[in-house]
Asks: 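Let me begin by handing over the structure; questions about it come next.
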Amino acid sequence: MTQIAPETTEVGLPITEVDTPALYVDLDALEHNIATMARVCADHGVAWRPHVKASKSPDLARRLIAGGATGITCAKVSEAEVMADGGVDDILIANEVVGPRKVGRLVDLARRARICVAVDDERNLREISAAVSAAGATVDVLLDINVGANRCGVTPEVAPALAQLALDLPGVAFRGLMGYEGHVMGVTDPEEKEAKSAAAADVFAQARRQVETAGIEVRVMSGGGTGNYWIASRLGSLNELQAGGGVLLDQTYEGPMTGPGPRQALFLVAQVISTAVPGRAVADAGWKASGQHTGRPLAVDPPGIRVRNLNAEHTLFDLDEGVRLELGQRVTMVPHYSDSTVLLHRRMYAVRNGIVEEVWPVAGAGMLQ
Ligand SMILES: Cc1ncc(COP(=O)(O)O)c(C=O)c1O
């Protein structure tokens, strides 16, 4: 268990008595979501390696693994470091790790966990190989393929030469291919989402064919996200799914961004600090507690209130006719996008039936390097 001091005294308290703003995870919903995503993967014979860039908590990551994940996916080396510190020992950094400082940290990490990293450049591959082999360690690599997002990743034609280089160089072990269908995640029209996922799956398949035609074994085909995992898992191109944020299910991931089944699991509790303006109430959680780059949080309790605006430290609510809030009254909201909310907090409360069961450090907050 990751160390956290005096807040552990909050274990056993109703979440409504914890100081505000308080970010909490509903454990029943989280467990339901983990089981749902794990089942979708299992039903299609696909391994689940959920991304933890949204949840940022080693405690939550260990629950993902207990729930069927084969390991986790991280965005950054520093994020992977705190996950390794928290006892996670199988980590994919699904991003390019470039430069001596970062590669040095990657080497240190490889000494204490099974590490795989994305690569899309020959010089970078050589840089990683030199540093890792000098340290007598091994890092697995996945070649990053551009499957349509035009972010990182090479074209399928380039893959065989890079794969061969990864096979030939010391210190690195070629594991397979990855890609991220980032351009598909926000698509709301089901037919368009299906078509774009299928087009990305074709690029995955083409890259695999090219590498295998060169006589190189591809063990892992990794990709997918919360916005298309239920489609990507059945298209046959992938055998590892990176979808992870859906276990928290915020407003962004709900509905068109998410396959069937999951429930909202992440909530922000604030406290009313002013009712001085008629028809309004003001609570003590602004955009510093909720984030707002994709939108505002949704008030879910009590009924009859709507988020009108966010200031840095204030939420302004409009009240329906006849609704009154009292000073100190708790208001529960669903964040708009967990990716921009969780990282603002030092801890998340793990709550069941309204009672705090555990306090989880958000150890990955600020881990951007
Ligand atoms: C490389 C990579 N894999 C997977 C994902 C999907 O993550 P999530 O399911 O949390 O949206 C992302 C999201 O940005 C990503 O960048």
Side-chain angles (χ1 to χ4, degrees), residues 25 30 33-34 36-38 40-41 46-57 60-61 64 67 69-77 79-80 83 91-97 116-120 141-154 175-188 193 196-197 200-201 203-204 220-233 237-259 261-262 265-266 291 293-294 335-343 364 367-368:
V25 176
L30 177 75
N33 296 345
I34 290 174
T36 302
M37 294 179 86
V40 169
C41 291
V46 172
W48 188 34
R49 182 179 285 282
H51 214 308
V52 298
K53 67 185 170 52
S55 50
K56 293 198 169 281
S57 151
L60 196 151
L64 294 168
T70 52
I72 59 163
T73 303
C74 287
K76 297 295 180 77
V77 173
E79 206 173 62
M83 292 296 156
I91 302 170
L92 163 65
I93 302 173
N95 237 334
E96 284 64 20
V97 172
C116 185
V117 66
V119 175
D120 72 355
V141 296
L142 290 181
L143 290 190
D144 197 353
I145 306 297
N146 180 1
V147 293
N150 292 327
R151 187 171 71 177
C152 301
V154 294
R175 193 188 284 187
L177 310 177
M178 70 149 271
Y180 178 54
E181 312 94 305
H183 58 300
V184 178
M185 301 304 154
V187 173
T188 51
K193 194 187 276 286
K196 287 195 160 151
S197 294
V203 182
F204 274 120
V220 171
M221 294 291 298
S222 186
T226 297
N228 82 336
Y229 73 96
W230 67 101
I231 303 170
S233 58
S237 295
L238 299 178
N239 59 18
E240 181 177 280
L241 253 280
Q242 296 176 12
V247 299
L248 291 177
L249 201 65
D250 47 45
Q251 289 183 67
T252 302
Y253 283 132
E254 204 188 1
M257 282 285 279
T258 317
L266 185 70
H293 99 266
T294 55
H336 200 272
Y337 187 30
S338 51
D339 253 74
S340 30
T341 305
V342 175
L343 82 175
M367 294 303 167
L368 304 172

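For ligands, and for the atoms within them, numbers begin at 1 and follow the listed sequence.
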Asks: Looking only at protein heavy atoms, identify the closest one to atom 9 (O) of ligand 1 and say how far it is in Å.
Replies: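 The closest one turns out to be T226 OG1, 2.6 Å.
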Asks: Among the heavy atoms of G244, does any lie under 4.0 Å from an atom of ligand 1?
Replies: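 Yes, that is the case, since the closest heavy atom of the residue is under 4.0 Å from the ligand.
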Asks: Give the residue, atom name and distance (to 0.1 Å) of the protein heavy atom nearest atom 16 (O) of ligand 1.
Replies: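 Going atom by atom, the protein heavy atom closest to atom 16 (O) of ligand 1 ends up being R151 NH2, 3.0 Å.
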Asks: Between W48 and L64, is there a side-chain heavy-atom distance shorter than 4.5 Å?
Replies: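 Contact flag for L64/W48 side chains = yes.
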Asks: L60 versus V52: any side-chain heavy-atom pair under 4.5 Å?
Replies: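 Sidechains of V52 and L60: no contact.
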Asks: How far is atom 10 (O) of ligand 1 from its nearest protein heavy atom, and which residue and atom name does that atom have?
Replies: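 Its nearest protein heavy-atom neighbour is G245 N, 2.8 Å.
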Asks: In ligand 1, which numbered atoms sit nearer than 4.0 Å to a non-hydrogen atom of G224?
Replies: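 By the 4.0 Å cutoff, the relevant atoms are 4 (C).
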Asks: How many angstroms lie between atom NZ of K76 and atom CE of M367, to the nearest 0.5 angstrom?
Replies: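 Those atoms lie 12.0 Å apart.
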Asks: Nearest 0.5 angstrom please: L30 CG to S55 OG, how far?
Replies: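 L30 CG to S55 OG: 8.5 Å, rounded to 0.5 Å.
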Asks: When you measure from atom 14 (O) of ligand 1 to every protein heavy atom, which one gives the shortest distance, and what is it?
Replies: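 Nearest neighbour among protein heavy atoms for atom 14 (O) of ligand 1, to 0.1 Å: K53 CE, 3.1 Å.
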Asks: Under a 4.5 Å cut-off applied to non-hydrogen side-chain atoms, are L92 and Q242 in contact?
Replies: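 Answer yes - side chains close enough.
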Asks: Counting C-beta onward and ignoring hydrogens, is there a side-chain heavy-atom pair between D339 and K53 closer than 4.5 Å?
Replies: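 Counting from C-beta outward, D339 and K53 do come under 4.5 Å.
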Asks: Any side-chain heavy-atom pair from V220 and R49 closer than 4.5 angstrom?
Replies: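 Heavy-atom side-chain distance check fails, nothing below 4.5 Å.
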Asks: Which protein heavy atom lies closest to atom 1 (C) of ligand 1, and at what distance to 0.1 Å?
Replies: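 Nearest neighbour among protein heavy atoms for atom 1 (C) of ligand 1, to 0.1 Å: Q242 OE1, 3.5 Å.
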Asks: Could you find the nearest protein heavy atom to atom 5 (C) of ligand 1 and give me its residue, atom name and distance?
Replies: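 Protein heavy atom with the smallest distance to atom 5 (C) of ligand 1: Y180 CE1, 3.2 Å.
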Asks: State the atoms of ligand 1, each with its element, that fall below the 4.0 Å cut-off from a heavy-atom position in A94.
Replies: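 Ligand 1 atoms under the 4.0 Å threshold to A94: 1 (C).
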Asks: As an exercise, identify every atom of ligand 1 less than 4.0 angstrom from a heavy atom of G225.
Replies: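 Once the distances to G225 are compared, the set is 6 (C), 9 (O).
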Asks: How far is atom 11 (O) of ligand 1 from the closest protein heavy atom, and which atom is that?
Replies: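 Checked against all protein heavy atoms, atom 11 (O) of ligand 1 sits closest to Y253 OH, 2.7 Å.
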Asks: Taking only non-hydrogen atoms of G246, do any sit less than 4.0 angstrom from ligand 1?
Replies: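 Not so, G246 does not reach ligand 1.
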Asks: With rounding to the nearest 0.5 angstrom, report the OH to CG distance, Y180 to N95.
Replies: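 Reported to 0.5 Å precision, the distance equals 11.5 Å.
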